[in-house]
Amino acid sequence: MATLAGALTSARLTFKVHRFEVLAVTVGSLIVAASALIVTYRLNSVGVTAQCLVQWLSGGPDAAGACKDPVSQWAGINESEGGKVLAAMALLPYAMGLFLGVPLVGRELEARTAATAWALAGSRSRWLFGRLVPVLLLTMVLGGLTAVTAAILETTRTGDGLWSNLYQDAELFGAPVVAHALAGLGIGLLVGAVMGRTLPALIVGAVVAIVLFNLGQQWHESFLPESAYGIQGPVSTIAVQPKTGPPPSGADLADAAARVMDPDLDYRFQTADGQLLTREAAIATVPAGTIDVGVWLVTNDTPIFEGPSAALTSAWQIRETLAFGLLGGLLILLTFPVVERARPT
Amino acid sequence: MTTPPDHIDPPVPAALTTEGLSKRYRSGGPLALDGVTLAVPTGSITAVVGPNGAGKSTLIRTWMGFERPTAGRVTVTGIDPWRHRPEAVARIGYVPQAASLYGDLTVADHLALAVTLRSGFERSVAVERLRSLGIGPSKRASELSGGQQAQLGLAIALATRAPVLLLDEPLASLDPLARREFLSVLVAAVRSDGHTAFLSSHIVTDVEEACERLVVLSAGRVLLDADVAQARGDHRIVAAGAGSPIAGEVATFAGPGDTRPVLARTADPAVGRSASLEEIVLGYLSSARTSSGDAAAWAA
């Protein structure tokens, strides 16, 4: 009980000492999360159906008919508002980690309060742990809020994977967001402890975070299946000519059939009556005894979408989460020996 | 078997020691401490005085385990503070300079912080002391006067119930009244609880009444380490003519006309007049200055 009371007091004092950063990060996260939900609501309010998106994607705006105006409006909101909010969400986890991490030790050294604290605390590691836990929890909570709201927005923005594929923004929603916040916290904490000055540490930490973000992007692209390269916009997501166009033949047919069956790539099949089927549903329609299911699907159905699969997106997110989470954890652990050896003034 | 004679007091164990302590902050740089050997007796109040850069804070910070000695040995109640910092720090109540408090935290917050960080911290002791000084719990540290900040630091240090108190320039930013109040609280606490206190200061007159021992430090070297009463008894001010040497001369002060007051190390009451502690300190500091390399370089 006494330990819990001590932990709560320690958390209260930590938040009080760093109240500017706590307030700024909390308010910033809430604003961005609210913005994401508002944009999601606005996108959903347009009432664009998957069928409309398919019509637009397969035939262009002129072939969209009654769907033309709603899809145009939907795409406009998506680009102008959704893109900006998601960009803010990409930066937010690093920013929150840096903002909360840098002053935790850095300002104590800069303001010379470390002398007071470290003279009272026999163990500096215990002191740092007491300071770190509430900030870590806050980072996780705010990072989690960003992760969830980003996932809601991203699912809507991509038209559930039809308009653009989820893989492209895989690191911007879900668990990787929390890992980015943890990495930002680790960078800020360590750089602040090493430099002992808040503003220079924030600048250096921001540079390190930007480098890390770009490295993550490159790693992300290198993880993409070869056949999915170059898929950027809605028009180029049409992988195979629709039934009305010339059918693939020879090597093209074999290549298309192989891609259609690649588990790393996501395909939607447009049936003659305009229905959209997943690969599994489409395979179920293939007559029994068909030797090459892929060839049959390419020649008898209309695949309209090619992009990394949800499984691949999840696999990437797990890797990204582990890599950044472990990096953040490692940097946090490295801060402990730095603090043990630091001069308090 | 022999028993020690009754009239010989057993040696007082040293609460703080240094043995050949040297500290260099960067390779090739000057020595902040140069072969310092000290033993601060348990239960004493000792002041270390010296100019800026003498090494006073470095000495205290080395005992705190904040600085790693370049050479030599350091102990706090027999414990090496660098190798066993948690154990050593647990035996120290530290009063840093006033600026080391959390400006945005209230007095009560500082006490709450101390409770979470130091096991055995007696909040009631600190509350009682602060109440008697009229320092309210809801005031932020930044709203306190320099004297009140110093008193808050001292109250926290005393409430740790640590046997050793280290005070780093606690009087530096205080007005004369606040200095007197601070020292009276310190002396009363040390006398009643049997603490050992070691404080650094610039102001000799203030520490004269409070301290039993005096260490004069200059350029990282100990110039004088003595009991205050003994230091007074062992030094005299002698008026000498120009060019005439004085036995035991420590330093010469500027004087009117051809006479020059000389601080001499002699206990002979027939010689000159007794020296004040300030004169003793100034004499040692001026002797160190004239013999320092910098002074020689300027002379050249």
inquiry  = If you apply the rule side chain to side chain contact (heavy atoms under 4.5 Å, CB included), what do you find for A:Thr9 with B:Val115, and how did you get there?
reply    = CA-CA 9 Å; A:Thr9 303; B:Val115 169; over 6 Å; no
message = So does B:Ser100 get a backbone contact from the side chain of A:Thr116, meaning a donor-acceptor N/O pair under 3.5 Å?
response = yes
query = Can you tell me if CZ on A:Phe99 sees more than 12 non-hydrogen neighbours from other groups inside 6.0 Å?
reply = no
Rounded distance (nearest 0.5 Å) linking atom OH of B:Tyr102 with atom CG of A:Leu13 = 9.0 Å
key: Interface moiety of B:Thr160 toward chain A, non-hydrogen atoms closer than 4.5 Å   = side chain
ask   = Above 12 or not: heavy atoms from other molecules or residues under 6.0 Å from CZ of B:Arg221?
value = no
Shortest non-hydrogen contact from B:Val89 toward A:Ala121 = CG1-O, 4.0 Å
note = Listed by number, the residues in residues 105-113 of chain B that come under 4.5 Å of chain A (heavy atom to heavy atom) are B:Leu105, B:Thr106, B:Asp109, B:Ala112, B:Leu113
note = Cut-off 4.5 Å, heavy atoms of chain B, and the answer for A:Arg107 is neither
key: A:Arg343 atom CZ: more than 12 heavy-atom contacts under 6.0 Å   = yes
request  = Kindly compute the distance separating NE2 (A:His18) from CG (B:Asp104), expressed to the nearest 0.5 Å.
outcome  = 10.5 Å
Over all atoms of both residues, closest heavy-atom pair of B:Gly65 and A:Arg124 = O-NH2, 4.0 Å
inquiry  = Other residues, nucleotides and ligands only: do more than 12 of their heavy atoms fall within 6.0 Å of OH on B:Tyr25?
reply    = yes
query = Under 6.0 Å from the CD atom of A:Glu81, do we count more than 12 heavy atoms belonging to anything else shown?
reply = yes
ask   = Checking heavy atoms, do the side chain of A:Glu108, its backbone, both or neither come under 4.5 Å from chain B?
value = side chain
message = I'd like to know whether CZ of B:Arg24 has more than 12 heavy-atom contacts from other residues, nucleotides or ligands below 6.0 angstrom.
response = yes
ask   = Taking the side chain as C-beta and beyond, is there a heavy-atom pair between B:Tyr94 and A:Trp118 under 4.5 Å?
value = no
key: Heavy-atom closest pair, residues B:Phe66 and A:Ala115   = CZ-O, 3.9 Å
key: Under 3.5 Å: donor-acceptor pair, side chain of B:Arg85, backbone of A:Glu340   = yes
query = Is the number of heavy atoms from other residues, nucleotides or ligands within 6.0 Å of CZ (B:Arg191) greater than 12?
reply = yes
